[in-house]
Amino acid sequence: MLPHKQIESALQFAVRAVLPDADVSTVLVRPCDPKFGDYQSNALMALAKTRKLNPRQLATDVLAKLDVSEICEKVEIAGAGFLNFRLKNSRLVHSLESAARGEHLFFEKCGGDASSQPRTIVIDFSSPNVAKPMHVGHIRSTGIGDALQRTLRLLGHRVISDNHIGDWGTQFGKLLLGWKQILNRAELERDAIAELERLYKVINAECDANPTRLEEAKMELVKLQAGDAENIAIWKEMIRLSQIQFDTIYARLGVKFDFALGESFYNPWLGEVVNDLLAKEIARESEGAVGVFSDGSLPPKEDPFLVNRDGEWVADPALVRKSDGGFNYTTTDLATVDYRLKTWAPQEIIYVVDDRQSGHFKKLFLILMRWKSEDVKKTKLVHVGFGKIMGDDGKPFKTRSGDTVKLGELLDEAEERAYKIVSEKSAELPEAQRKDIARVIGLGAVKYADLLPNRQSDYIFSWDKMLALQGNTAPYLVYAYARIKSIFRKSEAESAIRNPQSAIVLVAPEELTLAKHLLNFGITLEAVAEELRPNYLCNYLFELAGKFTSFYENCPVLKADDAVTKNSRLALCDLTARVLKQGLETLGIETVEQM
RNA sequence: GCGCGCGUAGCUCAACUGGAUAGAGCGUCGGUCUCCGAAGCCGAAGGUUAUGGGUUCAACUCCCGUCGCGCGCACCA
């Protein structure tokens with residue numbers, strides 16, 4: 001068991017001894033400023049407050065019942081009622097040595113004890129549209145979603161990743177019309193997505209200017225929806241061509257899905273969904289359409305089904321059937337949740353979708369609480385939102401000519417820029433190797449830059465910053481990894497291969513700092529899983545690389561004074577490399593041995 | 001107009017969801033390679049956390065007001 005878990009468990013035991021009815025689930029420890037200790041708990045102050053107890057007295061009482069003498073130095077009460085824990089050197093060494101033997105890597109899979117059972121989690125991300133190029137806007141959903149699925153899997157949860165592809169909707173009327181009338185076969189052969197995009201743009205412009213064209217497009221859509229054989233065949237061909245594009249991009253990014261059930265998959269159930277909502281009086285007709293309206297259970301200000309117009313609260317329903325009989329994405333999303341609940345019975349469904357859709361998800365989740373209240377009680381529905389990617393000018397990121405940036409081209413540019421840098425810095429490496437390094441660094445830089453910023457705030461896209469070796473970037477982290485690997489290449493050349501059984505001795509402050517930070521890998525992974533924020537892991541790895549570098553500067557490894565120190569330091573190097581590699585992999589980023 | 005989100009060093013971003021003296025990188029200035037990768041490291045300067053109040057042992061974090069920016073407001077997704 002990791003030491004912080006041992007401390008927590010002992011502390012919870014002690015709290016229960018003093019306050020038998022206390023909820024100890026919030027009694028936790030966390031890493032803290034080294035001047036106070038290695039871990040601290042502030043939980044007693046909160047407990048004291050709700051019970052109107054003197055916090056320092058409570059801390060004293062708990063301390064009397066607390067036994068962590070095996071793993072900690074004397075526990076101190078500090079400030080208003082903090083408990084500060086300092087790990088015994090022997091306990092720290094014990095963790096490192098067992099990790100060095102390969103028994104763990106500073107994290108625990110859930111299922112080890114009753115408090116952390118594996119959950120079934122559906123995660124819905126990426127969701128590109130058929131007949132459109134994937135663009136810069138898909139980076140965020142794809143990268144964040146993939147990092148989250150990797151983290152949750154690493155911790156032992158049952159993850160079901162599902163790519164909810166946009167393969168149905170009104171745009172197909174226009175696409176079908178274009179395909180039948182203005183398709184350029186040669187261009188389709190050359191670049192299918194570009195040609196499909198052209199069809200849409202041309203017809204769309206015509207429809208804007210000419211109502212009869214719009215009617216024609218609608219007719220094609222109606223035929224498709226009615227199952228017309230020709231239109232179905234063309235539609236399927238458009239999906240096939242798009243899937244080739246998706247597969248290419250995902251292979252490049254190393255992103256995998258368990259399922260890719262597109263919107264069209266749910267078509268058979270849309271009518272039933274609406275009928276059921278009507279029958280249960282959750283939805284009603286209005287102006288020829290069917291929508292879900294406010295049920296009045298929330299105050300108007302908090303009710304997403306109400307909107308204030310000129311001082312009056314008026315209905316802002318979620319439409320589930322249009323007046324022409326067609327369905328909306330709310331309908332599809334409801335059918336999708338229903339399917340997921342029935343098929344996988346997940347404890348959690350996570351949507352990694354642009355923050356601008358937060359209003360939609362608010363409504364969606366409220367409808368589900370009314371419609372599937374029994375199931376939804378057991379399932380946590382979460383919208384993981386994110387902000388936009390901006391250019392240097394602070395406006396949405398576009399090409400110089402003002403078009404959206406295509407994802408494939410963006411990745412090409414990342415690799416090209418990385419290749420230039422690698423060739424400059426490491427001209428001696430063979431070209432094929434430089435290409436591979438450029439691929440890892442370029443793609444890693446884009447992904448990392450996207451995962452690093454926090455919250456739903458927008459971030460500014462900057463090639464120079466993400467590809468820089470200095471600062472919190474993927475190249476810096478991979479460089480730290482490559483430097484460690486370089487030590488081992490030299491070490492093997494000297495036939496001084498590390499023995500996994502050799503003892504670890506921690507003397508220098510840099511050794512201790514590094515060792516203690518390694519222990520926090522698991523806490524960080526759990527924080528990512530809990531808050532669904534991969535940037536915690538980014539910052540952890542950056543700190544790890546920094547602490548390693550300061551160790552590297554101050555503690556000679558191969559030139560250590562004696563064999564024991566040398567072996568111990570080799571072990572620290574190896575563990576750092578393994579955590580860096582695992583951490584980056586969890587973010588979806590590869591490593592290279594040399595760069 | 002109404003709702004949602006945001007505002008932290010000159011710039012780009014953190015701050016473990018209420019914890020102890022708000023941290024990094026860039027940029028600026030100054031150190032550091034006869035020594036395991038200098039694409040590195042160390043140091044200095046830089047802050048009334050937009051602003052005014054409130055809550056408490058403790059506020060960047062929670063509540064209210066103001067200003068500024070972004071986004072969303074029934075048959076697109």
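Throughout, protein chains are lettered first and strands after them, A, B, ... in sequence-line order, and every chain is numbered starting at 1.
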For [N] versus [M], give the span between their [atom1] atoms, rounded off to a whole number of Å.
N: B:rC11; M: B:rU66; atom1: P; answer: 27 Å
N: B:rU61; M: B:rU21; atom1: P; answer: 15 Å
N: B:rA22; M: B:rA15; atom1: C1'; answer: 7 Å
N: B:rG40; M: B:rU56; atom1: C1'; answer: 46 Å
N: B:rA20; M: B:rC29; atom1: C1'; answer: 32 Å
N: B:rU49; M: B:rG7; atom1: C1'; answer: 9 Å
N: B:rG47; M: B:rA9; atom1: P; answer: 10 Å
N: B:rA14; M: B:rG25; atom1: C1'; answer: 11 Å

Integer-rounded Å distance: [N] [atom2] and [X] [atom1]:
X: A:Lys395; N: B:rG70; atom1: NZ; atom2: P; answer: 11 Å
X: A:His138; N: B:rA77; atom1: NE2; atom2: C1'; answer: 11 Å
X: A:Leu44; N: B:rA58; atom1: CG; atom2: P; answer: 19 Å
X: A:Glu76; N: B:rA20; atom1: CD; atom2: P; answer: 17 Å
X: A:Arg56; N: B:rG19; atom1: CZ; atom2: P; answer: 19 Å
X: A:Asn454; N: B:rU61; atom1: CG; atom2: P; answer: 16 Å
X: A:Phe305; N: B:rC73; atom1: CZ; atom2: P; answer: 15 Å
X: A:Leu319; N: B:rC73; atom1: CG; atom2: P; answer: 12 Å

Candidates [options] - which lies nearest the side chain of [X]:
X: A:Val557; options: B:rC36, B:rA15, B:rG40; value: B:rC36
X: A:Phe36; options: B:rU12, B:rA20, B:rC73; value: B:rA20
X: A:Asp316; options: B:rG40, B:rC73, B:rG19; value: B:rC73
X: A:Lys362; options: B:rC13, B:rG37, B:rC4; value: B:rC4
X: A:Pro556; options: B:rC36, B:rC2, B:rA58; value: B:rC36
X: A:Gln40; options: B:rC57, B:rA20, B:rA39; value: B:rA20
X: A:Leu469; options: B:rG40, B:rA15, B:rC71; value: B:rG40
X: A:Thr170; options: B:rA20, B:rC76, B:rA14; value: B:rC76
X: A:Tyr552; options: B:rG3, B:rG37, B:rG19; value: B:rG37
X: A:Lys465; options: B:rC71, B:rU12, B:rG40; value: B:rU12

Is any side-chain nitrogen or oxygen of [X] closer than 4.0 Å to OP1 or OP2 of [N]?
X: A:Arg30; N: B:rG19; result: yes
X: A:Asn539; N: B:rG23; result: no
X: A:Lys490; N: B:rG37; result: yes
X: A:Arg483; N: B:rA38; result: yes
X: A:Asn328; N: B:rA74; result: no
X: A:Gln470; N: B:rG40; result: yes

Which one is paired to [N], where only Watson-Crick or G-U wobble pairs with both distances under 3.5 angstrom count?
N: B:rC71; value: B:rG3
N: B:rU8; value: none
N: B:rG23; value: B:rC13
N: B:rC33; value: none
N: B:rG18; value: none
N: B:rA44; value: B:rU28
N: B:rG65; value: B:rU51

Return the 5'-most residue of the pair A:Asn129, A:Pro31 with respect to RNA chain B, ranking by each residue's nearest nucleotide.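 Residue closer to the 5' terminus by nearest nucleotide: A:Pro31.
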
Map A:Asn472 and A:Ile421 onto RNA chain B by nearest heavy atom, then report which one ends up closer to the 5' terminus.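 Final value for this comparison: A:Asn472.
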
As a test of understanding, state which of A:Asn204, A:Asp208, A:Ile203 forms a side chain to side chain contact (heavy atoms under 4.5 Å, CB included) with A:Glu206. A:Ile203

Classify the side chain of [X] and the base of [N] as holding, or not holding, a donor-acceptor pair under 3.5 Å.
X: A:Asn84; N: B:rA20; answer: yes
X: A:Glu543; N: B:rA24; answer: no
X: A:Glu263; N: B:rA77; answer: no
X: A:Thr332; N: B:rA77; answer: no
X: A:Arg533; N: B:rU17; answer: yes
X: A:Ser127; N: B:rA77; answer: no

Is it true that [Y] and [X] share a donor-acceptor pair across their side chains at a distance under 3.5 Å?
X: A:Asn520; Y: A:His4; answer: no
X: A:Tyr329; Y: A:His360; answer: yes
X: A:Lys581; Y: A:Thr591; answer: yes

A:Leu452 and A:Asn535 have their tightest heavy-atom pair at O-CB, 3.1 Å

Quick one: label A:Ser323 by what it contacts on the DNA or RNA (base, sugar-phosphate, nothing), any heavy atom closer than 4.0 Å.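 Here A:Ser323 touches the bases of the nucleic acid.
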
Are any non-hydrogen side-chain atoms of A:Arg533 and A:Asn454 less than 4.5 angstrom apart? yes

Does this structure show an ion pair linking A:Glu197 with A:Lys201, if we count only N-O contacts that are shorter than 4.0 Å?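 Yes.
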
Could you check whether A:Asp450 pairs with A:Lys447 (Lys NZ or Arg NE/NH1/NH2 to Asp/Glu carboxylate O, under 4.0 Å)?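 The answer is no: the pair does not qualify as a salt bridge.
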
Whether A:Phe82 stacks on the six-membered ring of B:rA20 base, 5.5 Å and 30° limits: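 A:Phe82 ring centre within cut-off of B:rA20 base, planes near parallel; stacks.
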
A:Lys516/A:Leu519 under side chain to side chain contact (heavy atoms under 4.5 Å, CB included): CA gap, chis, key distance, verdict: CA-CA 5 Å; A:Lys516 288 171 180 175; A:Leu519 252 58; 5.6 Å; no

Which glycosidic conformation, syn or anti, is assigned to B:rC16 if syn requires a torsion within 90° of zero? anti

Quick one: does A:Ser126's side chain have a donor or acceptor within less than 3.5 Å of a partner on A:Thr142's backbone?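 No; zero donor-acceptor contacts below 3.5 Å.
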
